[in-house]
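These notes are about the structure you will find just below.
Here is how names work: the chains are called A, B, and so on, in the same order as the sequence lines, proteins then strands, and each is numbered from 1. All values below were derived from every heavy atom in this structure, side-chain atoms included, with hydrogens, water molecules and symmetry-related copies excluded.
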Amino acid sequence: MIESLFQFEFLQNAFITGIIIGIIAPLLGVFIVVRKLALIADALSHVTLSGIAASLLISKWWVPFAAVNPLYTGMLFSVVGALLIEKLRTVYKHYEELAIPIIMSFGVGLGVIFISLANGFTTDLFGYLFGSVSAVSRTDLYIVIIISVIVIITITAIYKELFVLSFDEEHGQSLGLPAKLIHFIFIVTVALVIAISMRIVGILLVSALMTLPVAASIRLAKSFKQAIIYSILFGELSVIGGLISAYYLDLAPGGTIVVIAAGILLVTILYKKLRLNFKIVG
Amino acid sequence: MKTNTPVIEINHLDYRYDYDFVLENIQLKVNKGDFLAIVGPNGSGKSTLLRLILGLLKKQDGQLLLFGEQIDTFTGWDKIGFVSQKANSFNTGFPATVYEVVRSGLTKKTGMFRFYPKDSKEKVLAALRSVDMEEYIDRNIGELSGGQQQRVFIARAIISNPEVLILDEPTVGVDIQRVEVFYQLLNRLNNERGMTIVIVTHDIGTITDKVSHIAFLNRSIHFYGTIEEMKRLDNEVMSFFYGHNMHLLTSNYEHGGARV
Ligand SMILES: Nc1ncnc2c1ncn2[C@@H]1O[C@H](COP(=O)(O)OP(=O)(O)O)[C@@H](O)[C@H]1O
Ligand SMILES: [Mg+2]
């Protein structure tokens with residue numbers, strides 16, 4: 001494995017991308033989970049899918065467009081989807097969560113139309129759906145690095161405010177924090193991270209990488225800082241373990257990554273249970 | 001501590017969420033160093049009034065000044081600490097320590113795009129000390145009792161050393177012995193630091209010997225004055241104490257206006 005890593009550029013691309021995604025997806029995931037936005041992540045990933053499908057379709061109709069990386073259209077759709085969700089949330093003040101299925105089904109519907117127009121499933125599309133060890137190009141990697149740096153700087157810059165508003169939104173507002181702006185910035189970073197994660201985990205499983213490591217970590221963490229550290233740790237374990245097994249077993253990495261993440265979650269639940277029983281008995 | 005420096009000034013303030021007025025023609029003036037209790041039955045608009053003062057709701061009609069500035073252009077929110085009614089109905093599964101929660105009270109003062117100052121640990125400890133919760137600094141917030149959480153939220157509110165502390169029914173769910181200790185704490189903040197305090201409460205029986213001013217609110221303010229002034233009032237007012245109708249007050253003071 002190590003040898004092949006030095007030998008094959010595609011493996012390097014996949015691993016470096018994976019390691020980066022393993023950090024930022026769970027990092028944003030912590031905020032997503034405590035703010036109860038897990039479904040938004042899911043909706044945005046489906047919108048990203050329609051962006052990818054659109055790109056594949058346009059390339060088919062107009063060949064020069066094939067030179068444009070589908071990641072860009074994916075990001076574009078994802079960010080627009082995020083803006084639409086925010087808009088809809090203010091339209092349906094009393095049914096805020098309604099925005100999510102509306103955008104999600106619209107994303108899937110649009111995606112399905114594009115895919116059918118492009119004459120169905122290609123191997124390319126399969127890679128976008130479930131991730132791929134071999135499909136990550138150097139350009140993809142560069143895009144991932146640039147977006148990740150932007151996301152990490154952004155999250156660091158608004159960390160305090162994001163924590164306050166996540167823990168107690170009203171308190172944050174009483175401090176005079178720009179709650180709407182912070183939320184908006186956050187949702188846009190989520191949209192970007194979803195788009196860049198899909199090469200590795202695939203669109204259908206991006207939100208799992210954002211939520212499963214966090215679900216495991218908040219069972220163990222006492223502090224918010226710990227929650228972030230454990231989430232990243234579990235995220236990395238899942239991504240690296242998932243990529244290695246996907247490579248050897250010739251599987252789609254999205255599946256192996258998520259199965260490992262689910263395994264980690266199960267272990268933390270059992271661990272807590274065992275300790276609890278032990279306490280009661282002892 | 002008595003001064004004549006107005007901290008909160010409200011004139012002819014009305015508010016409605018939908019069709020009906022929830023607040024009508026509110027007049028109120030809180031001076032620096034006052035300890036004001038706002039009392040009134042459920043649904044009388046107490047929380048709404050506080051939320052307007054805090055800028056959580058947008059003012060509709062009337063005038064609202066904070067530290068002499070119109071609320072629409074007011075920016076000194078770090079001078080106001082707030083402990084909300086819902087403070088202990090936050091998500092108890094939230095992974096945060098007491099330290100992280102109390103420190104978050106420094107957010108506004110620290111400013112956007114900046115890290116918390118180096119001495120924030122000492123500040124958190126000092127704030128926790130004043131609510132007698134120092135030894136809980138590393139505990140998870142969800143593991144504490146309701147009363148302990150409430151004290152943590154007060155520490156969060158006072159860590160930025162605000163000039164005014166606003167509390168919405170802070171003693172709900174706190175046991176009786178603790179309530180006494182709680183008021184001692186507020187009195188200490190009021191006397192020693194000269195902190196102006198506005199508290200919304202149901203504890204009308206115990207509150208009168210703790211505060212300097214009292215306001216009876218039921219859509220409009222039916223009485224506002226010092227405790228001494230209130231004690232000079234007749235039996236009809238006292239009957240409110242022992243349980244009942246605000247309208248007794250209404251008929252007497254509706255046209256008299258607030259006694260500022
Ligand atoms: N967000 C809201 N939307 C519509 N009506 C509200 C809202 N919040 C409060 N009200 C109504 O306004 C009135 C005053 O409520 P509130 O200020 O919470 O009273 P209190 O704090 O004195 O119990 C009540 O009749 C309540 O039903
Ligand atoms: Mg209330």
Among A:Pro178, A:Ala179, A:Ser166, who wins on heavy-atom pairs under 4.5 Å with chain B? A:Ser166

Please determine whether the number of non-hydrogen atoms from other residues, nucleotides or ligands lying under 6.0 Å from atom CZ of B:Arg129 exceeds 12. yes

Checking A:Val164, A:Leu165, A:Asp168 against B:Ser104 for side chain to side chain contact (heavy atoms under 4.5 Å, CB included), the one that qualifies is A:Val164

A:Lys272, NZ atom: more than 12 neighbouring heavy atoms under 6.0 Å: yes

Please find the pair of heavy atoms, one from A:Glu161 and one from B:Thr107, that lie closest to each other, and give the distance. OE2-CG2, 3.8 Å

Could you state the interatomic distance from CD1 (B:Ile80) to OG (A:Ser174), rounded to the nearest 0.5 Å? 9.0 Å

Flag yes if more than 12 heavy atoms outside B:Asp132 fall under 6.0 Å of its CG atom; otherwise flag no. no

Apply side-chain contact (heavy atoms from CB on, under 4.5 Å) to residues A:Phe163 and B:Arg103 and explain how you reach the verdict. CA-CA 11 Å; A:Phe163 173 85; B:Arg103 187 183 56 173; over 6 Å; no

OH of A:Tyr95: more than 12 outside heavy atoms within 6.0 angstrom? no

Would you give the length of the straight line joining atom OG of B:Ser84 to atom CD of A:Gln173, rounded to the nearest 0.5 angstrom? 11.0 Å

Taking B:Glu143, B:Lys108, B:Lys109 one by one, which has the highest count of heavy-atom pairs under 4.5 Å against chain A? B:Lys108

Those residues of residues 218-229 of chain A that come under 4.5 Å of chain B on a heavy-atom basis, listed by number, are A:Ile218, A:Ala221, A:Lys222, A:Ser223, A:Phe224, A:Lys225, A:Ala227

Contact origin within B:Phe113 toward chain A - heavy atom pairs under 4.5 Å: both

Check B:Trp77 against A:Leu175 and note the closest heavy-atom contact, atom names and distance. CB-O, 3.5 Å

If you take all heavy atoms of B:Phe82 and A:His171, which pair is closest and at what distance? O-CD2, 4.4 Å

Among B:Asp138, B:Thr97, B:Asp78, B:Leu54, who wins on heavy-atom pairs under 4.5 Å with chain A? B:Thr97

Under 4.5 Å to a heavy atom of chain A? For B:Ile166 that would be neither

Is A:Ser217 close to chain B through its backbone or its side chain, or both, or neither, when contacts mean heavy atoms under 4.5 Å? neither

